[in-house]
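Structure first, then comments.
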2 protein chains.
Amino acid sequence: MPAPGKATINDIARLAAVSKKTVSRVINNSPLVRPDTREKIQTLMKQLGYAPDPQARGLAFRRSFLIGLVYDNPTAQYIVNMQYGALDALRDSGYELVVHPCDSNRDDYIDGIRRFALQQKLHGVILIPRVSEDDQLARALREIDVRYVRIASIPLDDPAHMLHTQERQAGVEAANYLQSLGHRQLGLITGPHRYRSSIERGGGFAHGLAQRGIELTPDYVFEGGYTFESGVAGAEYLLAKSPRPTAIFACNDEMAAGVYKAAMRRGLSIPGDLSVVGYDDSPLATQLWPALTTIHSPIRDLGRQAAQMLLAPEHAPAPTQPLSVTPHLVVRDSSQPPPV
Amino acid sequence: MPAPGKATINDIARLAAVSKKTVSRVINNSPLVRPDTREKIQTLMKQLGYAPDPQARGLAFRRSFLIGLVYDNPTAQYIVNMQYGALDALRDSGYELVVHPCDSNRDDYIDGIRRFALQQKLHGVILIPRVSEDDQLARALREIDVRYVRIASIPLDDPAHMLHTQERQAGVEAANYLQSLGHRQLGLITGPHRYRSSIERGGGFAHGLAQRGIELTPDYVFEGGYTFESGVAGAEYLLAKSPRPTAIFACNDEMAAGVYKAAMRRGLSIPGDLSVVGYDDSPLATQLWPALTTIHSPIRDLGRQAAQMLLAPEHAPAPTQPLSVTPHLVVRDSSQPPPV
DNA sequence: CTGAAAGCGCTTACAG
DNA sequence: CTGAAAGCGCTTACAG
């Protein structure tokens, strides 16, 4: 009797009086096993606490049971939620999650990911913005025949490889909300233009306003860097304008926190003098005072869906439309109608 | 000529006109290879972009090249920094990092980790508070002969398995600092008593004050839950006392943010009326206004050291004293001498 | 210092 | 529906 957790396919085969090939069939859910044989084997596996060795299986299969999570530099909360989501889907699947941050500013970064995928014979890879926006990376993965899912704010790839975050739509929602409160003089602090998400969030906001007949002139738009300091700078800029905006939409919460600082320094009260809406619903949002109205994206769901897509059977029917996930506005205490 | 990244030990052996055992010796840095043979083989490996297959190696070695990172529920920033640190040490080592969150409130959680370690034949495991504080888990890992490193605020294990965070010392430093500013009436918001870190941080603070002749009476100590809301509650409690404390030490930044909220609601200015010191130096610390004075711990260094310990040669001399890492106070804008 | 044989724990390809 | 043989890409144990 082998030690618990140490049994091999040979132990099971011997005890079940079948060949190891039959045990293998049970492991791999082959239909070509008589029901009673299958049951006998499954019982035995449970009794011995048997789990097939992923390395041996991987060696024979010529690929591993590892999913890679590849990202450049999102916020900590984003990464962690994504990991939790992916792990939700991988639980009890026999697959494990290997984290692989990278620096997409290095011109050999794709090579690093290729080597990673090749050497570990990854089953698949989840790509998060902004690396997910890189078509060259996607092509490199296709070339070496590694499955991948790209999480992005626009449909950049086949539906089978895409998870769409609908950030533009969320920008529209922020615009509609502020308009409905009665704001007419708005300010926008975007992220860097090289981030597709920034363009979508800000673009959606401007579009939403335009739909309701409010013009957002370019001098009320400030390009930030998704950082606290750039939020401060953006707010300094916008709050010095005349007429002063009564509401500011910042394309992430960190910049929104910067807006708080600039407003407080000027003695402006939030939301009395200025409404602020952020994006991300980071932990910060509820820890600021007043609590921040912001856009919540179901990041964990994204991670779960991405992992599920990678685990789907090889020839499962591909969706005709990219799967997507819908962010929504969370109203807290940083927004109200403009002062009269 | 095999495709790049697809060569095997057999290709190398054939092209070098040696046996694959000799190639294996080069891979494993055996000294039993003639220098010129070694060099010929190494050149060939580089030319073909050869990297040994970790699964095949693992199968033969009876253990994998995976390091597990096991944690319950620390903050996102902590997890991510720990991961970056561990990956710093693993880079180009052939080892990969597999993340494994768990729920230490479930009574079968140790079993889950055991199965994970056993099935993946992990090379080693990094344990973060609070799972690192669980002796039963450590024992379980020892029983199945899996290497582990425990990161904790007190030396719970052999030096070879410990990384000591010196949180008590940091608590003392916070006390000394506030005392030196002239504060005599202090308040303390601790974390939950079931967290060892909370006891050390708070205990160090009280001890530091006592050393300088300042008594911290129990009614000026509030047991929080490391959450924002508990920080608010703690501050509500402390600020209602008479005499009112002129400074509060919160055992993490999230609770310190809660103190901000409570103070602002009461119309107290920070740091004019109340000094606040936090712990963690989370992103929040610089995004609050005023920026928070807090304790910075080199989490990434911790992760790096932990991984290095796991990679150390099997019979490397163990340290006689646990390795440790020293946090330090970062003074920002939330602290100043008490009002006169 | 080097190598031929056997084996790690699985699966593939084939046969029945 | 089931199995014997060969192989995945490495290392161990042994021999020289």
Side-chain angles (χ1 to χ4, degrees), chain A residues 2-3 5-42 44-45 48-66 94-95 118-123 314, chain B residues 2-3 5-42 44-45 48-66 94-95 118-123 314:
Chain A
K6 299 276 191 185
T8 72
I9 198 173
N10 289 307
D11 298 315
I12 306 291
R14 185 167 31 79
L15 292 166
V18 298
S19 77
K20 61 189 196 184
K21 178 60 213 175
T22 298
V23 180
S24 172
R25 286 199 179 87
V26 172
I27 293 171
N28 293 290
N29 289 314
S30 158
L32 303 174
V33 182
R34 265 195 7 233
D36 56 329
T37 310
R38 175 188 308 279
E39 197 168 345
K40 180 169 64 176
I41 292 174
Q42 281 173 334
L44 223 38
M45 297 198 302
L48 298 194
Y50 169 74
D53 182 332
Q55 306 202 74
R57 235 148 85 86
L59 185 59
F61 269 139
R62 288 156 191 79
R63 64 170 183 68
S64 72
F65 293 85
L66 301 176
Y95 288 81
L118 229 34
Q119 186 179 8
Q120 299 297 326
K121 301 218 196 78
L122 294 182
H123 174 84
E314 189 84 48
Chain B
K6 298 277 191 181
T8 72
I9 198 173
N10 288 308
D11 298 315
I12 305 292
R14 186 168 30 79
L15 292 166
V18 299
S19 77
K20 61 188 196 183
K21 177 61 214 174
T22 299
V23 179
S24 172
R25 288 198 178 89
V26 172
I27 292 171
N28 293 291
N29 291 315
S30 158
L32 303 175
V33 182
R34 267 198 3 237
D36 55 329
T37 310
R38 176 187 306 280
E39 196 168 344
K40 181 169 63 175
I41 292 173
Q42 280 172 335
L44 222 39
M45 296 198 304
L48 297 195
Y50 169 74
D53 181 332
Q55 305 202 73
R57 235 148 84 86
L59 185 58
F61 270 139
R62 290 159 191 75
R63 63 170 185 66
S64 73
F65 292 86
L66 301 176
Y95 288 81
L118 230 33
Q119 186 178 8
Q120 299 299 326
K121 299 218 198 77
L122 294 183
H123 174 84
E314 188 83 48

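Protein chains get the first letters and strands the later ones, always in sequence-line order, with residue 1 at the start of each.
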Next on the checklist: Closest-nucleotide mapping onto DNA chain C: is A:Q55 or A:F61 further toward the 5' terminus? I mean the 5' end.
Outcome noted: A:Q55

Item to check | Toward the 5' end of DNA chain C, by each residue's nearest nucleotide, B:L59 or B:R38 | outcome: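 With B:R38 and B:L59 compared, the 5'-side residue is B:R38.
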
Checklist entry - Which base, if any, makes a Watson-Crick or G-U wobble pair with D:dA4, both distances under 3.5 Å? => result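 The answer is none; no pair meets the criterion.
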
Item to check | Watson-Crick or G-U counterpart of D:dA13, or none if no pair lies under 3.5 Å | outcome: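 Base partner found: none.
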
Checklist entry - Just checking A:N10: base, sugar-phosphate only, or nothing, at a heavy-atom cut-off of under 4.0 Å? => result nothing

Atom [atom1] of [X] to atom [atom2] of [N]: distance rounded to whole Å?
X: B:D36; N: C:dC1; atom1: CG; atom2: C1'; result: 11 Å
X: B:N28; N: C:dG3; atom1: CG; atom2: C1'; result: 16 Å
X: B:N29; N: D:dT11; atom1: CG; atom2: P; result: 11 Å
X: B:R63; N: D:dC10; atom1: CZ; atom2: P; result: 16 Å
X: A:I41; N: D:dC1; atom1: CD1; atom2: P; result: 13 Å
X: B:L118; N: C:dG9; atom1: CG; atom2: C1'; result: 15 Å
X: A:D53; N: C:dT11; atom1: CG; atom2: C1'; result: 13 Å
X: B:K21; N: C:dA5; atom1: NZ; atom2: C1'; result: 13 Å

Between [atom1] on residue [X] and [atom2] on residue [Y], distance to nearest 0.5 Å:
X: A:K20; Y: A:D11; atom1: NZ; atom2: CG; result: 11.5 Å
X: A:L15; Y: A:L48; atom1: CG; atom2: CG; result: 6.0 Å
X: A:K21; Y: A:I9; atom1: NZ; atom2: CD1; result: 8.0 Å
X: A:Q119; Y: B:Q55; atom1: CD; atom2: CD; result: 10.5 Å

Closest to the [X] side chain, choosing from [options]:
X: A:V33; options: D:dT2, D:dC1, C:dC10; value: D:dT2
X: B:A60; options: C:dT2, D:dA4, D:dG9; value: D:dG9
X: A:R25; options: D:dT2, C:dA4, D:dC10; value: D:dT2
X: A:S19; options: D:dC1, D:dT11, D:dG3; value: D:dG3
X: A:T22; options: C:dT2, D:dC10, D:dG3; value: D:dG3
X: B:R57; options: D:dC10, C:dC10, C:dT2; value: D:dC10
X: A:K20; options: D:dG3, C:dT11, D:dC1; value: C:dT11
X: A:I9; options: C:dT11, D:dT11, D:dT2; value: C:dT11

Item to check | Check: B:R38 side chain, B:S30 main-chain N or O, donor-acceptor pair, under 3.5 Å | outcome: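 Pair found, side chain donor or acceptor close to backbone of B:S30.
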
Checklist entry - So, are A:D53 and B:K121 salt-bridged, with charged N and O less than 4.0 Å apart? => result yes

Next on the checklist: It should be established whether B:T8 places a side-chain nitrogen or oxygen under 4.0 Å from OP1 or OP2 of nucleotide D:dC8.
Outcome noted: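 For D:dC8, OP1/OP2 do not have a side-chain N/O of B:T8 under 4.0 Å.
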
